[in-house]
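Here is the structure we will look at, set down as structure tokens.
These figures come from a predicted structure and were not determined experimentally. Order of the sequence lines sets the chain letters (A, B, ...), proteins ahead of strands, with each chain counted from 1.
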Amino acid sequence: MAHTRICDLPLNVGLGFVPAGPSEYPRRIMSHTYDYTGIEARWQGIWEQRDTFRALNPGDEGFDGGKPKYYVVDMFPYPSGVGLHVGHPLGYIATDIVARYKRMTGHNVLHPMGYDAFGLPAEQFAVEHGVHPKITTDKNIANMTRQLKRLGLSYDWDRCVETTDPGYYKWTQWIFLRLYKSWFDPVAQKARPISELVQALEAGDYDIGADGSLVADTAGGALDTLGGVEPGARKWTELAPDQQARLLDEYRLAYLAEVPVNWCPALGTVLANEEVTNEGKSDRGNHAVYKRPMKQWMLRITAYCERLADDLGMVDWPEPIKLMQRNWIGRSEGAEVHFPLAFGSAESSEDVITVFTTRPDTLFGATYMVLAPEHPLVESLTTDEQRQAVNDYQKQAATRSDIDRQAETKQKTGVFTGAYALNPVDNDKVPIWVADYVMMGYGTGAIMAVPAHDQRDFDFAKQFGLEIKPVVLPTQDWMKSHAPEGCDKEDAHDLMAHYVAAADTFDAAFGGMGAGINSENAEVSLNGKLTPEAKDAMIGWLKQRGFGKGTIQYRLRDWLFSRQRYWGEPFPILHAPDGHIVPVPEEDLPVALPEMEDFKPSASDDPDAPPQTPLSRAPESWKYVEVDGVKYTRELNTMPQWAGSCWYYLRYLDAGNDERFVGKEAERYWMGDNGLDLYVGGAEHAVLHLLYSRFWHKVLFDLGHVGTAEPFGRLYNQGYIQAYAYTDKRGVYIDAEKVQEEDGKFTAGGEPVSREFGKMGKSLKNAVSPDEVCEQYGCDTLRLYEMYLGPLDQSKVWSTRDIVGVHRFLQRLWRNFVDEETGELLVVSDKADESLKRKLHKTIKRVTDSMDAMAFNVAIAALIELNNELVGIKTIPREVAENMIPLLAPSAPHICEEIWKRMGHDDSISTTDWPTHDPAMLIEDTAEYPVQVNGKLRGKVTVPTDADDAAIEAAARGDENVAAHMDGKTVRKVIVIKGRLINIVVG
RNA sequence: GGCCCUGUAGCCCAAUUGGCAGAGGCACGCGACUUAAAAUCGCGCCAGUGUGGGUUCGAGUCCCACCAGGGCCA
């Protein structure tokens, strides 16, 4: 498929400079001052001309397989209409420095860039302005590419990917089909082709249980996780073909399901849980979101919960990000407990309420049960007397948001169903209530309430006068601070007696761990057992008696994968008239988006408005496909924005491949054993993109399409660039550029404004464009400034005022190397003197260490220091110049290329070897030791570097002031730390 | 409410990971150059590390509590 990608368009630096070939390198320049504009445009032209940063794949001509690989990727941007502000390139500059540094240390470096171009803003802009999203997207990509190229970033632009490119989303669709055509084998804990499930079923390895679960046909316990032996199990061969098809759909990793979804009428689409804020609003646009059932595509990410959590152990990521992912996955260990209904027979599942609890050890204290208002059993359980009250309550609950319902401070509400269940441990009748503090979406939508040991249950029980039975003995301290008036808080026995007799008189529930009390039946006793032990004992008993089992519960839900949008990937799916689903044959991919005039989503204020996808208005010729005389309808939803970003790092490896999503050899080489060597982006993607992406990667791994279990071996989060923002007296943001400062007061147009502070961006009107800075100071200055602001992973404040600091550094560097009067190079073949040489080697070490630690601010500081040293001398010894310029080259590549060229090198500095320091040059002949007496600095002594501890100690004792402080006291201890200090402890 | 991160000079930040608190930049002051200013060059200025405890011969660094700012989850 022939198509022109926007990022293929030629460089337009907008400076009237037409890139010249290397042979046309200008020999004479009019002015000899630091002409960053000319230098930067010239070198950017040369790099582009020479393909300097093209990365070779195995098999390419000139590929050197002997070098180690280094694959470094930025989280690719959304091509927004306003272009880049200086906050965006923070990470890009950092990865560029790493890429350039790694090239110089002998690595094959792959450093690509692309665009995540599907999504709401382009579509919304298109709707508002009547322009096709393709046109705005292309325009924005062209602009951002121009901005990025102007920063001198060493991307291999030949590998640029755009998620909206049919040549790209062909493979997004292909991967979707991999998910559709796979199932998750819970025994092997991996995805397998669905055809293997069919084979297993045909071979009779599994039977089908009454509830559709697979039941191992063998007696062995290995397949236990698939479900217990069920009496109503049927053979695969007994099923009708459509039943077989439906059964398979139950196991696919991509499946259609009628599920309660987050419906946002204002956006006219559904949203994933991850796209809904805590306030129950849409992440984008802050519109109201409602729960409603809809038939949607889902991806079975929950099958991978365990591996997604466990495999975080094998990647080098910031701990807080790992923690956030673990929290999001939300693994909790506990037990599933079946409560028989008081008047049921407990023979079939309908007569049982199943709950999940993390505290099975408190089962003896379960004095009532609560169902979520949406729980399917509410209808059948409720007695006639209570029906009216329950129905009213359900209606009322539907209007409250989940957050509202879960707030612990809020007063609890609820209503009795009139029905009872039996606590399996003692056959006590426990009332079944309906209350909205229990969510249908988590666990089973039903809980056993243990009011003595759960605060929400405690509040509820107090409010409705339900029994509070303590079954865990709290700590002394806890009882002391929560005991009611009238009991002796200093008397442990009195406290305990009070608690056991009347836990409801205490002012809170005890949720901690402790010894069991009141927990005994004929077969099991938890009394005296500590919580973990008690849990095990209870789970053992439950399992033995068939009342439950130990399970692991996850917070993560399956991924809602349909959107009612135009500007997204179409699904490669056809619907037959009889409702069954047929995947589009892979040779027919991509299913291209149809050309459409009207692609507006059907937005509405009415939460009950029926969802209508833009593609339902597509031309008939697109919507319907006839195969073998059957008229199929295409799937009319599109994929969410996250789809394209799930795998782009794989496409970079082999961007032009029309045969495969990525060539095997390219994938094996660049992904290596641990995936990406460095992945840099904002922490805001901690739980969305990074989780989805890992999930897809694992599926591809299971199916043998990629060779690593994890995609991103190392992750690094850059901080945000923040900036001052200003509001007028109405609280409206004012353009930061219009604000003036006088005597610490801020005004705009004569009106006083107040200063705030926040992440740079359009909404706070405090964005600074990199174009402005490049024009005024050059991009080398911008690059240095952004790195010099502070540690990369921390947020820092943009201050245009401070840019001059690094700019002065570059000017000073220029003057150190080039005579501004004559343009003459000031590098000479003289030897450097000893102290300068030492300084140089110290700098090499410091810069190298800092580069490895990604502490670019420190690396730059070290180079400024060395440069300041050179200010004092008229000419630069070549041995200094030859080392110093390469040290700076990754950070400020343009000026370094220019000086390098003038020093007589014809090759780009980017291919030069990174300097190495001579350890001998770091060793001084003598060392100065601070001498402490009792930890306080009392003197300094200078001794030969190779002096032994005794000699150092002797020298220290010889110091006059030290001796004075030791006078008349006994020396208790002498600590001599080689190369550090001496501490004499006296007393 | 829980968890995580951060707190060093007027400001941004270093500190070899437990070893002399100061590398660098900004701002400021003085001087040189200049008719003058800018630029440039030179010199100088300033904190005991948010607060209170603890561990240690020794704490910016480790532990506990609190305070402030930021983030994530409720």
Mate of B:C30 where both pairing distances stay under 3.5 Å, Watson-Crick or G-U: B:G42

Rounded distance (Å) that lies between atom P of B:C13 and atom CG of A:L784: 17 Å

Sugar-phosphate only, base, or nothing, as touched by A:L789 at under 4.0 Å among non-hydrogen atoms: sugar-phosphate

Lys/Arg cation over aromatic A:W328: A:R694, 6.0 Å, 45° cone: no

Close side-chain approach of A:D780 to A:I39, heavy-atom, < 4.5 Å: no

Sugar-phosphate, base or nothing in reach of A:I977, heavy atoms under 4.0 Å: base

hbond_proxy A:K940 side chain to B:C20 base (donor-acceptor, 3.5 Å cutoff): yes

Which nucleotide in B:C20, B:G25, B:C13 has an atom nearest any side-chain atom of A:E928: B:C20

Between B:G24 and B:C3 - C1' atom distance, rounded Å: 36 Å

Polar side chain donor-acceptor pair, A:R812 to A:N868, under 3.5 angstrom: yes

Nearest-Å distance once atom P is located in both B:G50 and B:A68: 16 Å

Separation of B:G18 P from A:L981 CG (nearest whole Å): 14 Å

Phosphate contact (B:C5 OP1 or OP2) by A:N717 side-chain N/O below 4.0 Å: no

Chi-based syn or anti call at B:U6, which uses purine or pyrimidine torsion atoms and a 90° bound: anti

Rounded distance (Å) that lies between atom P of B:A74 and atom CG of A:N327: 9 Å

Residue pair A:D459 / A:Q463, side-chain donor-acceptor N/O under 3.5 Å: no

side-chain N/O A:R980 vs B:G58 OP1/OP2, d < 4.0 Å: no

hbond_proxy A:D802 side chain to B:C26 base (donor-acceptor, 3.5 Å cutoff): no

Nucleotide nearest A:R815 when distance is taken to its side chain, options B:C41, B:A14, B:C13: B:C41

Complementary nucleotide for B:G19 - Watson-Crick or wobble, under 3.5 Å: B:C57

Sugar-phosphate only, base, or nothing, as touched by A:D849 at under 4.0 Å among non-hydrogen atoms: nothing

Nearest-Å distance once atom C1' is located in both B:C57 and B:C72: 41 Å

N/O (side chain, A:N857) to phosphate O (OP1/OP2, B:C12) under 4.0 Å: no

Nearest to side-chain heavy atoms of A:K973, which nucleotide of B:C57, B:C41, B:A14: B:C57

Nucleotide nearest A:V804 when distance is taken to its side chain, options B:C13, B:A27, B:G19: B:A27

Between B:A15 (P) and A:K842 (NZ): distance, integer Å: 15 Å

Sugar-phosphate only, base, or nothing, as touched by A:P318 at under 4.0 Å among non-hydrogen atoms: nothing

Length of the CG-P vector between A:L810 and B:G24, whole Å: 18 Å

A:R812 side chain, from C-beta outward: closest of B:C41, B:U6, B:A23: B:C41

B:C45 to B:C5 separation - C1' atoms, rounded to the nearest Å: 34 Å

Spacing of A:Q794 atom CD relative to B:C12 atom P, expressed in whole Å: 12 Å

Gap in Å between the two P atoms, one belonging to B:A15 and one to B:A9, rounded: 15 Å

Proximity to the side chain of A:R808 - top-ranked nucleotide from B:U40, B:C5, B:A23: B:U40

Which nucleotide in B:C4, B:G25, B:G58 has an atom nearest any side-chain atom of A:P320: B:C4

Donor-acceptor contact below 3.5 Å, side chain A:T970 vs main chain A:R972: no

G-U wobble or Watson-Crick pairing nucleotide for B:C66 (cut-off 3.5 Å, both distances): B:G50

Distance, C1' atom - from B:U49 to B:C67, rounded to whole angstrom: 16 Å

Of the listed nucleotides B:C41, B:C20, B:A14, the one nearest the side chain of A:V871: B:C41

Protein-nucleotide distance (A:L792, atom CG; B:C12, atom P), rounded to Å: 18 Å

Heavy-atom closest pair, residues A:L789 and A:V797: CD2-O, 3.5 Å

Between P of B:G24 and CG of A:L887, the distance in whole Å: 18 Å

Within 6.0 angstrom of A:M513 CE, more than 12 heavy atoms from elsewhere: no

Close side-chain approach of A:E953 to A:I982, heavy-atom, < 4.5 Å: no

Rounded C1' spacing from B:A32 to B:A37 in Å: 15 Å

Closest approach of A:F856 to A:M787 (non-hydrogen atoms, all atoms of both residues): CD1-SD, 3.6 Å

Side chain of A:A861 - closest among B:U40, B:A23, B:C57: B:A23

Complement of B:G1, any strand, by Watson-Crick or G-U distances under 3.5 angstrom: B:C73

Chi-based syn or anti call at B:G7, which uses purine or pyrimidine torsion atoms and a 90° bound: anti

5'-most by nearest nucleotide on RNA chain B - A:V985 or A:L323: A:L323

Along RNA chain B (nearest heavy atom to each residue), the more 5'-positioned of A:P930 and A:G805: A:P930

Integer angstrom distance from the C1' of B:C20 to that of B:A65: 31 Å

